[in-house]
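The next block holds one structure in the form of structure tokens; read it before the comments.
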Amino acid sequence: MAIQTAYRILGQECKPIGFADGIEAQLDEIKSERHARQLGLGMTSHVFGMVAQGPAILEGEGPIGVVLQR
């Protein structure tokens with residue numbers, strides 16, 4: 001249901017700038033969790049920090065899969 005809702009939101013023409021990136025990140029996270037469950041793996045709630053610096057790096061939080069890909 002969350003995936004369907006996310007795609008419906010992404011399909012709307014009028015959304016705030018950058019909003020789609022957050023929705024897509026959440027979609028990636030949902031898909032990763034679903035794939036892990038299919039493999040019989042569990043997702044951890046452990047948290048860690050990392051620092052990335054550069055002109056295109058913004059401050060904030062995000063799903064680890066998306067952060068590592070970028």
Side-chain angles (χ1 to χ4, degrees):
M1 181 186 263
I3 293 173
Q4 291 173 346
T5 301
Y7 280 122
R8 188 171 53 245
I9 291 169
L10 288 173
Q12 296 175 0
E13 287 186 34
C14 182
K15 47 189 171 292
I17 295 173
F19 187 76
D21 291 339
I23 295 291
E24 289 170 355
Q26 290 300 313
L27 271 172
D28 288 343
E29 190 70 14
I30 291 167
K31 290 176 184 179
S32 293
E33 289 177 13
R34 183 172 59 183
H35 184 66
R37 280 195 306 274
Q38 290 171 345
L39 296 174
L41 303 173
M43 301 294 282
T44 181
S45 61
H46 291 80
V47 177
F48 68 93
M50 71 185 254
V51 175
Q53 296 178 328
I57 305 297
L58 303 175
E59 186 176 325
E61 299 178 2
I64 188 64
V66 175
V67 171
L68 292 175
Q69 285 176 2
R70 298 188 194 243

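Every value quoted in this text rests on a predicted model; they were computed, and no experiment measured them. Residue numbers run from 1 in the order of the sequence given.
- To the nearest 0.5 Å, the span separating CD on Glu33 from CD on Glu29 amounts to 5.0 Å.
- You'll find the side chain of Ile9 reaches within 4.5 Å of the side chain of Phe19, heavy atoms only.
- By the neighbour-count criterion of 12 heavy atoms within 6.0 Å, atom CD of Gln38 is densely surrounded, having more than that number from other residues, nucleotides or ligands.
- A side chain to side chain contact (heavy atoms under 4.5 Å, CB included) with Ile23 is found for one member of Thr5, Leu10, Asp28 and no other, namely Leu10.
- In this structure, His35 and Leu41 have side chains that are not in contact, with every pair of non-hydrogen atoms separated by 4.5 Å or more.
- Atom CD1 of residue Ile3 and atom CZ of residue Arg34 lie 4.0 Å apart, to the nearest 0.5 angstrom.
- One finds the OH atom of Tyr7 at 8.5 Å from the CD atom of Glu24 (value rounded to the nearest 0.5 Å).
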